[in-house]
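Just below is one structure, and these are the notes that go with it.
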Amino acid sequence: MNSILESFKQAFYLILHLDRELLEIILLSLKVSGTALAIATLTGFPAGALLGLKNFFGRNAIITLLNTFMGLPPVVVGLFLYLLLSRSGPLGFLSLLYTPSAMIIAQSILAFPIVAAITHSSIVKVNPTVKLAAKTLGATPFQIALTMIRETRYGIMAGVCAALGRVMAEVGAILIVGGNIAGYTRVMTTTIALETDKGNFELAMALGIILLCISFIINIILFSIQKKGTKESSQWL
Amino acid sequence: MALSLIISNIKKSYKDKKVLDGCSFSFEQSGVYVLMGPNGSGKSTLLRICALLESPDDGEIIYYEDGKVVENNLNLRRRITLLLPNIGIFNTTVFKNVAYGLKIRGMNKGEIKERVEKALDFVGLLHKKKQNALSLSSGEAKRMGIARAIVLEPEFLFLDEPTASVDQENTEIIENIITQLKQRLNSIIIMATHDYQSAKRTGDILLFLEKGKLTRTSVCSESPFQLLQGML
């Protein structure tokens, strides 16, 4: 019990004094997760919108696949990516293994299905009368699609927040493809795992608290978005 | 010459159910045509087909202007509009809902503002222009739907059950709006309803839809010369 309290004390000391090592780890975490989220949003959003707006052969299979991949185990992604990026792998010539780029790719793969699947499900839930109304007012198919997307903005934003939560908390994939190299690929979650193994609970605890704070902020945003969406959609009834 | 519409032998089925079975009519003179019939008789289907939102299984929908057939394209679709029974409210302000049709036509902001405010004033909702449209009552939502349609100054205005699920006060307001529209717009208004009293108060020509056919017509107001004039 005393060691836990001591760890907390040390952790707050580290946070308050913003240790340089700690700051670097936090910044790299935000950079990797932020970039991965941007990539996942830029690819997942159009993919989800296409699935929500168009009917084509194989659409249902893709939707089922995306929903399955929402729960993709990070270590499996890490392993798959490791095999692709390792020196003997098909993409070995890119020399990306054990770099932040490999970590970004891994997190993008994990976040993509979340953004795409939530975008798709938000679009298909839009009241069909809205689509018809846009058509009666003279909208072109492209303008109708934009209108539908605009109607789902809260759902899509919630999807992006959920994906951010996923990448921020992820450890398995980035540990495998990043290698947890100090000052280069070491991020918050991998540091927590390493320092816990080493028995350095102070730094692990400090990072844990920061990670929880970030997660808490994300959840506040997510909750407020969902609350706004629920409030507005309840007015349909 | 204004736009006119001829529907010829329209047939439509959903799965095994035959909804329309050879509807024919000619809408040429401006005024309010009231389409009546029991629930499920195909009124809404006929309106959607006439408004070019659905295709018939058989038969023709032809819009004419100056004796020539008008091609069925976006330009034609933008000259007609349909007010849906559930309106289809966009999750934004009343102003932006009404401005939607003008915005997608690429109109400038100043003109949009002027026309939207005029339309909202006409339906008595100008004071609610900044309110989220989803928070309007059902009667107000119908009025907003009318404003959203008339701001486009359509040559053909289809109204699908404009007074359904609306309280007496709003029904009277909507009927009054339709009556004023008749004088203001030199357009053809085709309204589906099953409220005979409402039809009598607002309509010029009454059409009955029974068993998939436009079976008979009679005059709503004092214009007996219009009786059966439009029937093919």
Side-chain angles (χ1 to χ4, degrees), chain A residues 45 48-49 52-55 115 118-162 221-237, chain B residues 44 47-48 50-54 73-93 96-107 119 131-138 140-142 144-160:
Chain A
F45 168 67
L53 296 166
K54 290 273 175 196
N55 255 326
V115 177
I118 294 179
T119 300
H120 158 259
S121 92
S122 301
I123 289 175
V124 294
K125 278 181 196 159
V126 173
N127 188 334
T129 319
V130 169
K131 186 178 179 181
L132 199 59
K135 201 173 174 186
T136 65
L137 296 169
T140 61
F142 181 68
Q143 287 168 333
I144 292 171
L146 286 183
T147 305
M148 297 283 282
I149 290 165
R150 199 184 134 73
E151 289 297 304
T152 60
R153 59 196 181 276
Y154 298 117
I156 293 167
M157 279 162 70
V160 173
C161 283
I221 296 167
L222 185 66
F223 181 71
S224 61
I225 289 168
Q226 281 175 333
K227 201 176 161 192
K228 194 172 180 188
T230 313
K231 196 177 160 191
E232 284 175 354
S233 56
S234 67
Q235 287 163 344
W236 283 99
L237 305 171
Chain B
S44 296
L47 287 194
R48 284 198 301 272
C50 289
L52 307 172
L53 295 172
E54 266 184 58
N73 56 21
L74 184 67
N75 284 337
L76 174 61
R77 279 208 295 116
R78 286 186 169 179
R79 295 171 69 181
I80 61 179
T81 192
L82 164 70
L83 174 71
L84 298 161
N86 297 324
I87 315 297
I89 300 170
F90 305 129
N91 186 0
T92 184
T93 61
K96 284 184 179 170
N97 261 273
V98 179
Y100 180 87
L102 301 175
K103 203 175 164 193
I104 59 172
R105 283 162 174 78
M107 198 170 277
Q131 193 173 314
N132 188 303
L134 291 169
S135 64
L136 294 175
S137 71
S138 57
E140 289 170 337
K142 295 260 183 186
M144 187 204 72
I146 294 173
R148 199 167 68 174
I150 61 167
V151 78
L152 305 172
E153 295 175 359
E155 289 164 71
F156 265 79
L157 173 61
F158 299 93
L159 304 170
D160 195 353

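Computed from a prediction, not measured in an experiment: that's the story for all the values here.
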Could you look at [X] and say if it's the side chain, the backbone, both or neither that has a heavy atom under 4.5 Å from chain A?
X: B:Leu82; result: both
X: B:Leu83; result: neither
X: B:Ile104; result: both
X: B:Leu53; result: both
X: B:Ile87; result: backbone

Q | Spacing of OG1 belonging to A:Thr129 relative to CG belonging to B:Asn86, to within rounding of 0.5 Å | A |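 It is 5.0 Å, given to the nearest 0.5 Å.
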Q.
Just verifying a value: how many Å separate B:Leu134 CG and A:Asn127 CG, rounded to the nearest 0.5 Å?
A.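 Those atoms lie 9.5 Å apart.
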Would you name the heavy atoms of [X] and [Y] that are closest together and state the gap between them?
X: A:Ala133; Y: B:Gly88; answer: CB-O, 3.5 Å
X: B:Arg48; Y: A:Leu132; answer: CD-CD2, 4.3 Å
X: B:Thr92; Y: A:Arg150; answer: OG1-NH2, 3.4 Å
X: B:Tyr100; Y: A:Ala134; answer: OH-CB, 3.4 Å

Q | Partners meeting side chain to side chain contact (heavy atoms under 4.5 Å, CB included) with B:Ser138 (sequence neighbours left out) | A |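 With sequence neighbours excluded, B:Ser138 shows a side chain to side chain contact (heavy atoms under 4.5 Å, CB included) to no residue whatsoever.
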Q: Taking heavy atoms only and a threshold strictly under 4.5 Å, list by residue number the residues of residues 137-147 of chain A that touch chain B; give 'none' if the list is empty.
A: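 A:Leu137, A:Gly138, A:Ala139, A:Thr140, A:Gln143, A:Thr147 fall under the 4.5 Å cut-off.
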Q: Measure from the side-chain N and O atoms of A:Thr136 to the backbone N and O of B:Thr81, and report whether any donor-acceptor pair falls under 3.5 Å.
A: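 No, the answer is negative, given that no donor and acceptor are paired below the 3.5 Å cut-off.
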